[in-house]
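What's counted below: heavy atoms across the whole structure, side chains too, no hydrogens, waters or symmetry copies. Within every chain, numbering begins at 1; the chains are lettered A, B, ... in the order of the sequence lines, protein sequences first and strands thereafter.
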Protein chains: 2
Amino acid sequence: MTTGLGDSPARASYRHGDLRRALIEAGVDLAGEGGPSAVVLREATRRAGVTPSAAYRHFADRQALLDAVCSSCQALVARAIEADQARIHTTDATDAARLRFRAVGTGYLRFALEEPGRFQTAFSASSDLESATSSARAGERGLTPFQLLTVALDDLVTEGLLSTEHRPAAEFLAWSAVHGLAELFIDGPLRALPDPVKQTLITRVIDMVEQGL
Amino acid sequence: MTTGLGDSPARASYRHGDLRRALIEAGVDLAGEGGPSAVVLREATRRAGVTPSAAYRHFADRQALLDAVCSSCQALVARAIEADQARIHTTDATDAARLRFRAVGTGYLRFALEEPGRFQTAFSASSDLESATSSARAGERGLTPFQLLTVALDDLVTEGLLSTEHRPAAEFLAWSAVHGLAELFIDGPLRALPDPVKQTLITRVIDMVEQGL
DNA sequence: CTTACATGTGCACAACGTACACATATCAGT
DNA sequence: ACTGATATGTGTACGTTGTGCACATGTAAG
């Protein structure tokens, strides 16, 4: 019998309390250390001070755990975007809308560069359009990254910066460009670029989107 | 002793002949069936009719095999681009340059949709800018996908369709947008979209790039 | 207080990557 | 042609992973 000695404070009770949450948190940590493939079920249970089998009381399989971790990571992306948007101080509504839109891109890419592992994990699990709006993936304002982008684009239309004609599907165009750059940065050919160059590219990609939409 | 009976024609010789190539080919097949994670060393050796250990005479480890498979898959991407470019019939040089540029995008995305597993594998292994120009990743013309894009952009400049001012780093902007769309298609939220809608998005993203560069 | 349920344990199994000693095919130089 | 040296494949073994199942133990309901 493995007594569980060696685990942190050695669970007071036989029950864990909130194993589901603990496993997700361990998973998010692992994701930060090594990306989606590092989200290993056994290691997560180890960190939660629990037997591998215990995980199956809360997740159907490893993929289900990874999905949950992925949702948590998307929530972190949402927070990164919100943080960049919160830095905006403008009285001009039109300018504010434009900057909020750009902040979606900068926040997204800043997170990708600061937390590559968690970023990759956030978009590793196949999600469809419904799950892209699930509340588990939302930030403080209760909006997912995708929803933050949608809102920002709607505001562009409201402010007359984007014609209603070009509005449809604009989120996918913008998302493609920014997400693609993130991929090239993280494990694409742009990985080794010095940071200032990366910043320049970020600006230019967002310029391209703004101009090309 | 596992005689190897059950393997296809049961190797004539004790030596395989070209195991390295056979393993890569098996790997490319596996990639097509299940993406990068399906490129399993043991399964590749099984398909080559050989013991798992034999692979280590040709590859340092699984990652080395995956790298080689990745290069092969990039070569397939190059061929897909070349195929789209070959369909162009125009006497006007300016028009041709523009269409060749767009064909880089359409070929890239067509391959991503037709062969999602191999496409993902092509860009799964971390490659830097040098390896993006390695000949193992080239198509018939001896150019990698990245090089095909670079050439297409240079031609745009030659034809006066792109100012030299905007030329620098343009490949990364274009690549970001197209690659990002591919990701959204393959295991992103756009996976379930009907094909005609996908085609429309492809056109619009390339429009965006052309206009926003 | 007992019975049901939820949750964690222990053990087992197959698959994977990989290491190492061994066997055999091929080639170089005498 | 004989003899090493070298290249390449075999056999076996070990640790790790995901996962299933019988069992145990807390917690709650009657």
Side-chain angles (χ1 to χ4, degrees), chain A residues 1-27 30-31 33-70 121 124-125, chain B residues 1-27 30-31 33-70 121 124-125:
Chain A
M1 162 183 164
T2 53
T3 61
L5 286 178
D7 307 357
S8 325
R11 270 201 319 291
S13 155
Y14 177 68
R15 304 305 255 267
H16 180 283
D18 196 353
L19 181 55
R20 183 186 167 82
R21 181 175 314 279
L23 288 175
I24 294 178
E25 276 172 18
L30 288 168
E33 296 164 23
S37 69
V39 179
V40 168
L41 188 143
R42 289 183 98 111
E43 177 63 21
T45 59
R46 229 170 273 139
R47 296 191 179 192
V50 116
T51 287
S53 313
Y56 289 85
R57 299 296 175 188
H58 302 273
F59 300 96
D61 53 15
R62 182 200 114 106
Q63 186 58 49
L65 169 60
L66 186 56
D67 286 350
V69 171
C70 149
T121 307
S124 65
Chain B
M1 163 185 168
T2 53
T3 61
L5 287 178
D7 307 358
S8 326
R11 270 198 320 292
S13 156
Y14 176 70
R15 306 304 257 270
H16 180 282
D18 198 353
L19 182 55
R20 183 186 166 84
R21 182 175 312 280
L23 289 174
I24 294 177
E25 276 172 19
L30 289 168
E33 297 165 21
S37 70
V39 181
V40 168
L41 189 142
R42 289 182 97 111
E43 176 63 20
T45 61
R46 228 170 276 137
R47 297 190 177 194
V50 118
T51 290
S53 314
Y56 289 85
R57 299 297 174 186
H58 302 273
F59 301 97
D61 53 15
R62 182 200 113 106
Q63 185 59 49
L65 169 60
L66 186 56
D67 286 350
V69 171
C70 148
T121 307
S124 64

message: For nucleotides 17-22 of chain C, give me one character per nucleotide, 5' to 3': B if any protein heavy atom sits under 4.0 Å from the base, S if the only such contacts are to the sugar-phosphate, - if neither.
response: BBBBBB
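Qualifying salt bridge (charged side-chain N to carboxylate O under 4.0 Å, His left out) partners for A:R20, counting only residues two or more places apart in sequence or in other chains: none. Legend: residues meeting side-chain hydrogen bond (donor to acceptor under 3.5 Å, both in side chains) with A:D61, ordered by chain and number and at least two apart, are absent. Under the side-chain hydrogen bond (donor to acceptor under 3.5 Å, both in side chains) criterion, A:R21 pairs with A:D18, not counting sequence neighbours.
Atom C1' of nucleotide D:dT27 and atom NE2 of A:H16 are separated by 17 Å, given to the nearest angstrom. The separation between A:D18 atom CG and C:dT7 atom C1' is 13 Å, rounded to whole Å. Rounded to a whole Å, the CG atom of A:L19 is 12 Å from the C1' atom of C:dA6. Nucleotide C:dC16 holds its P atom 11 Å from the CZ atom of B:R47, rounded to whole Å. The interatomic distance linking A:R20 (CZ) with C:dA6 (P) rounds to 16 Å, in whole Å. Per the geometry, CZ belonging to A:R21 stands 14 Å off P belonging to C:dT7, to the nearest Å.
Results of the side chain to side chain contact (heavy atoms under 4.5 Å, CB included) test with A:V69 over A:L23, A:T121, A:L30 single out A:T121 as the only residue that passes.
The nearest pair of heavy atoms linking B:F59 to B:A68 is CE2-CB, 3.8 Å. For the residue pair A:A55 and A:T45, the shortest heavy atom distance occurs at CB-CG2, 3.7 Å. Here the shortest heavy-atom pairing between B:A44 and B:L65 reads CB-CD2, 4.3 Å.
Residue pairs meeting the salt bridge (Lys or Arg N to Asp or Glu O under 4.0 Å) criterion with at least one member in residues 33-45 of chain B, sequence neighbours excluded, are B:E33-B:R47, B:E43-B:R46, B:E43-B:R47.
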Measure all distances between protein nitrogen or oxygen atoms and nitrogen or oxygen atoms of nucleotides 24-26 of chain C, and list the pairs falling under 3.5 Å.
| unit_1 | atom_1 | unit_2 | atom_2 | d |
| --- | --- | --- | --- | --- |
| C:dA25 | N3 | B:R15 | NH1 | 2.9 |

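Listed pair A:H58 / C:dG8 meets the phosphate criterion, a side-chain N or O lying under 4.0 Å from OP1 or OP2.
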